[in-house]
Amino acid sequence: MTVYSHIYDIVRLIPSGRVATYGQIAELAGLAGKARLVGYALYQVDMASSDIPWHRVINAQGKVSHSPLRRGTDHWQRSLLEQEGIVFHEDRVDLAHYRWHPPLGRFPSPEDPR
DNA sequence: AGAGTGACATATT
DNA sequence: CAATATGCCACTC
């Protein structure tokens, strides 16, 4: 596979009702500073039939990132988040309140098997 | 092999 | 607030 498999592993850990930012995921995945790769990785995900909670990843401004390539799925993302109880305030969520904090201790990383 | 692109982030103007 | 600039790197011609 690709380096993205690990990104997906991290995203899968985000619980319902919480969100994470691209940069945050990148860092947890051992890709600090490479947030763009996270966005690219999620773009590859099959939104309809994937076990990855892709909608819980938003940008550092607390907003849903949109792009012409998404063809309206950005609204779909917001919808899913609201279903989980996340409240948007002026097109933005309060990261201080909803940001996911990963489990403490060691984290699975490619360089750190077991 | 080189250039362009992008679900980003941060800093600056 | 919005527009730029720069760093980042896998992917696609």
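Just so you know, these numbers use all the heavy atoms, side chains as well, and skip hydrogens, waters and symmetry mates. In what follows, chains are A, B, ... by sequence order, proteins preceding strands, each numbered from 1. None of these values were measured; they are calculated from a predicted model.
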Engineer: Any donor and acceptor pair, going by atom type alone, linking the side chain of Gln61(A) with main-chain N or O of Arg92(A) inside 3.5 Å?
Structural biologist: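 Checking the backbone N and O of Arg92(A) against the side chain of Gln61(A), no donor-acceptor pair under 3.5 Å is found.
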Engineer: With the side chain of Ala35(A) defined as its heavy atoms from C-beta on, choose the nearest nucleotide among dA9(B), dA7(B), dC8(C).
Structural biologist: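 Between dA9(B), dA7(B), dC8(C), the one nearest the side chain of Ala35(A) would be dA9(B).
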Engineer: Can you measure Gln61(A) atom CD to dA2(C) atom C1' for me and round it to whole angstrom units?
Structural biologist: 11 Å
Engineer: Asn59(A) CG to dA2(C) P: how many Å, rounded?
Structural biologist: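 Going from Asn59(A) (CG) to dA2(C) (P), I get 13 Å.
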Engineer: Taking atom P of dA9(B) as reference, at what distance in whole Å does atom CD of Glu27(A) sit?
Structural biologist: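 Rounding to the nearest Å, CD of Glu27(A) and P of dA9(B) are 12 Å apart.
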Engineer: Just the rounded figure in Å: distance from C1' of dA10(C) to OH of Tyr8(A).
Structural biologist: 11 Å
Engineer: Taking the side chain of Tyr40(A) as its heavy atoms from C-beta onward, which of dA7(B), dT10(B), dC11(C) lies nearest to it?
Structural biologist: dC11(C)
Engineer: Quick check on DNA chain C: between Gln44(A) and Ala32(A), whose nearest nucleotide comes earlier from the 5' end?
Structural biologist: Ala32(A)
Engineer: NA contact type, Arg56(A), heavy-atom cut-off 4.0 Å: base, sugar-phosphate, or nothing?
Structural biologist: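 If one applies the 4.0 Å heavy-atom cut-off, Arg56(A) turns out to touch nothing in the nucleic acid.
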Engineer: Just to be sure I understand the rule, does Tyr43(A) reach a base, reach only the sugar-phosphate, or reach nothing, if contact means heavy atoms closer than 4.0 Å?
Structural biologist: base
Engineer: Working to the nearest 0.5 Å, report the span between CD of Gln77(A) and CG of Leu42(A).
Structural biologist: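 Between Gln77(A) CD and Leu42(A) CG, I get 8.5 Å after rounding to 0.5 Å.
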Engineer: For Leu42(A) and dC11(C), give me the distance from atom CG to atom C1', rounded to whole Å.
Structural biologist: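 It works out to 15 Å between those atoms.
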Engineer: Does the base of dA7(B) carry an N or O that pairs as donor and acceptor with the side chain of Tyr22(A) under 3.5 Å?
Structural biologist: yes
Engineer: Roughly how far, to the nearest 0.5 Å, is the OH atom of Tyr22(A) from the OH atom of Tyr40(A)?
Structural biologist: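 With rounding to 0.5 Å, OH (Tyr40(A)) is 14.5 Å from OH (Tyr22(A)).
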Engineer: What are the residues of residues 73-84 of chain A, sorted by number, that bring a heavy atom to within less than 4.0 Å of DNA chain B?
Structural biologist: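 Gln77(A) - these, ordered by number, are the residues of the stretch whose heavy atoms sit under 4.0 Å from the strand.
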Engineer: Mind calculating the distance between CG (Leu95(A)) and P (dT10(B)) to the nearest angstrom?
Structural biologist: 11 Å
Engineer: Nearest whole angstrom, please: distance from the P of dG6(B) to the CG of Leu31(A).
Structural biologist: 21 Å
Engineer: Does Trp54(A) belong to the same Ile/Leu/Val/Met/Phe/Trp/Tyr cluster as Val64(A), with side-chain heavy atoms less than 4.5 Å apart forming each link?
Structural biologist: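 No, because Trp54(A) and Val64(A) fall into different hydrophobic clusters, even though each may have its own neighbours under 4.5 Å.
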Engineer: Do the non-hydrogen side-chain atoms of Val87(A) and Tyr98(A) ever get within less than 4.5 Å of each other?
Structural biologist: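 Yes, their side chains come closer than 4.5 Å.
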Engineer: Give the nucleotide from the list dT10(B), dC8(B), dA10(C) with an atom nearest to the side chain of Ala60(A).
Structural biologist: dT10(B)
Engineer: Can you confirm whether Val11(A) sits close enough to Arg56(A) that some side-chain heavy atom of one is under 4.5 Å from a side-chain heavy atom of the other?
Structural biologist: no
Engineer: Is Leu69(A) touching bases, backbone alone, or none of the nucleic acid, heavy atoms closer than 4.0 Å?
Structural biologist: sugar-phosphate
Engineer: How do Lys34(A) and Arg92(A) order along DNA chain C: which one's closest nucleotide is nearer the 5' end?
Structural biologist: Arg92(A)
Engineer: Within the 3.5 Å criterion, strictly below it, is a donor on Arg70(A) or Ser67(A) matched to an acceptor on the partner's side chain?
Structural biologist: no
Engineer: To the nearest Å, give me how far apart CZ (Arg36(A)) and P (dT12(C)) are.
Structural biologist: 16 Å
Engineer: Looking at Ser67(A), I'd like to know whether one of its side-chain N or O atoms comes within less than 4.0 Å of OP1 or OP2 on dG6(B).
Structural biologist: no
Engineer: Which one, dA9(B), dA10(C), dC8(B), comes nearest to the side chain of Tyr4(A)?
Structural biologist: dA10(C)
Engineer: To check you understand the geometry: which heavy-atom pair defines the closest contact between Arg78(A) and Asp91(A), and what is its length?
Structural biologist: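 Heavy atoms of Arg78(A) and Asp91(A) come nearest at NH1-OD1, 2.7 Å.
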